[in-house]
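Have a look at the structure below, then the notes.
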Protein chains: 2
Amino acid sequence: MQTDQVLDIETAANLLKVLGDKTRLTMVKIMSEHECCVCEFVDLFDMTQPAISQHLRKLKDSGLVKETRRGHWIFYSLNPNSPYYTFVQHVISDLPSQRYKVEELETQGKRICCD
Amino acid sequence: MQTDQVLDIETAANLLKVLGDKTRLTMVKIMSEHECCVCEFVDLFDMTQPAISQHLRKLKDSGLVKETRRGHWIFYSLNPNSPYYTFVQHVISDLPSQRYKVEELETQGKRICCD
DNA sequence: TGCATATATAAGAGTTTGCTTATACAATGG
DNA sequence: CCATTGTATAAGCAAACTCTTATATATGCA
């Protein structure tokens with residue numbers, strides 16, 4: 001994994017820019033608690049699928065997030081192997097839990113599960 | 001002052017957007033270690049005075065930074081009364097110290113001091 | 001009072017961002 | 001192998017961002 005290392009400022013600024021968007025920051029907080037697939041994000045945010053996809057690509061390009069395909073669905077989650085994993089944890093630790101959103105999906109029967 | 005409170009996500013995203021710029025992030029790290037006036041920033045960054053001024057305004061508008069005038073100079077520093085002070089501390093704690101930059105100014109006789 | 005210095009603001013140009021719609025690609029099941 | 005479903009990519013547009021130059025404002029001092 002990695003330890004609390006010193007981050008160079010330019011790298012940190014780029015990460016913060018990626019996180020400095022309400023949609024992406026919420027996604028990251030959600031993924032720190034659950035993995036999620038694209039169509040779930042589409043339901044959670046009132047946004048088109050391409051818009052969601054583009055946000056996820058930014059997160060993936062930054063290395064903060066990884067994807068796993070299971071059948072039709074691609075699940076996104078925080079990448080614990082990112083050298084910036086603990087940095088992100090620092091940043092999002094003060095944010096309110098977003099579990100309730102995923103639970104709402106669940107009660108609406110919109111949660112995707114591949115077991 | 002304030003405690004480790006939960007930050008709403010939109011507010012956090014806006015703060016991160018402000019911090020998600022190399023110049024501003026470096027400024028904030030510097031100010032967490034020293035107060036600085038505008039002309040010092042102009043020397044530290046290879047940037048025009050209005051560009052520096054505009055970055056400082058963004059930081060001030062976010063409430064993260066406060067200014068104190070002393071004669072000709074306006075000194076900027078982190079605002080410990082900001083409700084987001086500890087959040088910012090979390091974010092910048094992993095960044096490398098920028099003291100050496102201010103020390104370079106000092107050896108070049110470019111440091112402003114109003115004692 | 002008038003000038004020099006420090007800083008802020010205004011206006012404009014070039015770039016980046018974040019959406020939209022349209023289309024392409026990938027996987028599954030009949 | 002075709003249709004359906006989930007996801008990604010492309011192209012285009014409006015808004016936001018970050019710089020530049022020019023100018024205004026504020027303070028201290030001769």
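Chain A is the first sequence line, chain B the second, and so forth, proteins listed ahead of strands; every chain is numbered from 1.
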A/E35 (side chain) donor-acceptor with A/F75 (main chain) under 3.5 angstrom: no
Expected output: side-chain A/R24 to main-chain A/H55 donor-acceptor under 3.5 Å: no
Hey, is the side chain of [X] poking within less than 4.0 Å of OP1 or OP2 on [N], counting only N and O atoms?
X: B/R70; N: C/dA6; value: no
X: B/H55; N: D/dC19; value: yes
X: A/R57; N: D/dA8; value: no
X: A/T48; N: C/dT20; value: yes
X: A/K58; N: C/dG18; value: yes

Qualifying residue for side chain to side chain contact (heavy atoms under 4.5 Å, CB included) with B/K29, from B/L95, B/L19, B/V88, B/L78: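 Going through the options one by one, the only one that passes is B/L95.
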Partner of B/R111 by side chain to side chain contact (heavy atoms under 4.5 Å, CB included), out of B/H34, B/E103, B/E104: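 When side chain to side chain contact (heavy atoms under 4.5 Å, CB included) is applied between B/R111 and each of B/H34, B/E103, B/E104, only B/H34 qualifies.
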Could you tell me the separation between the [atom1] atom of [X] and the [atom2] atom of [N], rounded to a whole number of Å?
X: A/Q49; N: C/dT23; atom1: CD; atom2: C1'; value: 12 Å
X: A/D43; N: D/dT7; atom1: CG; atom2: C1'; value: 14 Å
X: A/Q54; N: D/dG12; atom1: CD; atom2: P; value: 15 Å
X: B/R69; N: C/dT7; atom1: CZ; atom2: P; value: 8 Å
X: A/E67; N: D/dG6; atom1: CD; atom2: C1'; value: 13 Å

Residue whose nearest DNA chain C nucleotide is more 5′ - A/G20 or A/P50: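 First, find each residue's nearest nucleotide; the 5'-ward one identifies A/G20.
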Touch class at under 4.0 angstrom, heavy-atom based, for B/Y76 against every strand present: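 Sugar-phosphate: the residue B/Y76, judged by heavy atoms under 4.0 Å, touches backbone atoms but no base.
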